[in-house]
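The shown structure was predicted, so the numbers you read here are calculated from the model rather than taken from an experiment.
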Amino acid sequence: MTCGILLVTHPGVGSALLEVATRLLRHLPLKTEAFDVPFDADLDTLLPLASAALRRVDGGDGVLILTDLYGASPSNLAAQLARLGTPARRVAALSLPMLLRVMNYPEQGLDQLPATAAAGARNGAIVDDA
């Protein structure tokens, strides 16, 4: 069994990152899906749809939910998802380095993947004097 990955983001962010990651890696080792949260969304209305997405990616070991901006609507929806019963952890500040890092450690469980995701974001931020 493996963890699933659910990207809960503002419109287009998660799907674009997922598309690039798929092109770069050719095969994503973890079941992954992007769920867009429209700007004017009613989170109570979206919760059943997001919950269905969460269940689709759950490989039996829970789901790592990656959001783009902590405190925004996608992150708030992710917090609600994490309380529904499926084991889930939430990490904000989704970036391509974060997503690629997670995909490079598919053997990790839900207890380790959040730290791996955060490290991917930190290590992917480079200040270059060029």
(message) For Ala78 versus Ile65, what's the shortest heavy-atom pair and its separation?
(response) CB-CG2, 3.5 Å
(message) Contact between Val8 and Leu6 at the side-chain level, heavy atoms closer than 4.5 Å - yes or no?
(response) yes
(message) Within this structure, what is the CZ-CG distance for the pair Arg101 and Asn123, rounded to the nearest 0.5 Å?
(response) 5.5 Å
(message) Show the nearest heavy-atom pair for residues Met98 and Ala92, with the distance to one decimal.
(response) CE-O, 3.5 Å
(message) Can you give me the closest heavy-atom contact between Pro106 and Thr2, atom names plus distance?
(response) O-CG2, 4.4 Å
(request) List in chain and number order the residues that pass salt bridge (Lys or Arg N to Asp or Glu O under 4.0 Å) with Arg56, two or more places apart in sequence or in another chain; answer none if no residue qualifies. (result) Glu33
(request) Look up atom OG1 in Thr9 and atom CG in Leu17, then write down how far apart they are to the nearest 0.5 Å. (result) 7.5 Å
(request) Looking only at non-hydrogen atoms, find the nearest pair between Ala50 and Leu81 and report the distance. (result) C-CD2, 3.6 Å
(message) I'd like to check Leu66 versus Leu99 (side-chain heavy atoms, cut-off strictly below 4.5 Å). Are they in contact?
(response) yes
(message) Tell me if a side-chain donor or acceptor on Asp61 pairs with a main-chain N or O of Gly109 at a distance below 3.5 Å.
(response) no
(message) Within the 4.5 Å heavy-atom criterion, are Leu43 and Leu47 side-chain neighbours or not?
(response) no
(request) Sort out for me which residue in Leu69, Leu7, Thr67 forms a side chain to side chain contact (heavy atoms under 4.5 Å, CB included) with Leu94. (result) Leu7
(message) Contact between Leu64 and Pro114 at the side-chain level, heavy atoms closer than 4.5 Å - yes or no?
(response) yes
(request) Kindly compute the distance separating OG (Ser51) from CG (Leu84), expressed to the nearest 0.5 Å. (result) 5.0 Å
(request) Answer yes or no: is there a side-chain heavy-atom contact under 4.5 Å between Lys31 and Asp58? (result) no
(message) When you compare the side chain of Cys3 with that of Val63, does any pair of heavy atoms fall below 4.5 Å?
(response) no
(request) Find out whether Val37 and Ser73 are in side-chain contact, i.e. whether some heavy atom of one side chain is under 4.5 Å from a heavy atom of the other. (result) yes
(message) Looking at every heavy atom in both Ala121 and Ala93, which two are closest together, and how far apart are they?
(response) CB-O, 4.4 Å
(request) Working to the nearest 0.5 Å, report the span between CG of Leu25 and CG of Asn104. (result) 6.5 Å
(request) Please check if the side chain of Arg90 supplies one atom and the backbone of Ser75 the other of a donor-acceptor pair under 3.5 Å. (result) yes
(message) Any non-hydrogen side-chain atom of Leu77 less than 4.5 Å from a side-chain atom of Phe35?
(response) yes
(request) Could you list who else is in Tyr70's hydrophobic cluster, with ILVMFWY side chains joined at under 4.5 Å, directly or through other members? (result) none
(request) Check the surroundings of atom CD in Gln80: do more than 12 heavy atoms from other residues, nucleotides or ligands lie under 6.0 Å from it? (result) yes
(message) To check you understand the geometry: which heavy-atom pair defines the closest contact between Ala34 and Ser15, and what is its length?
(response) CB-N, 3.5 Å
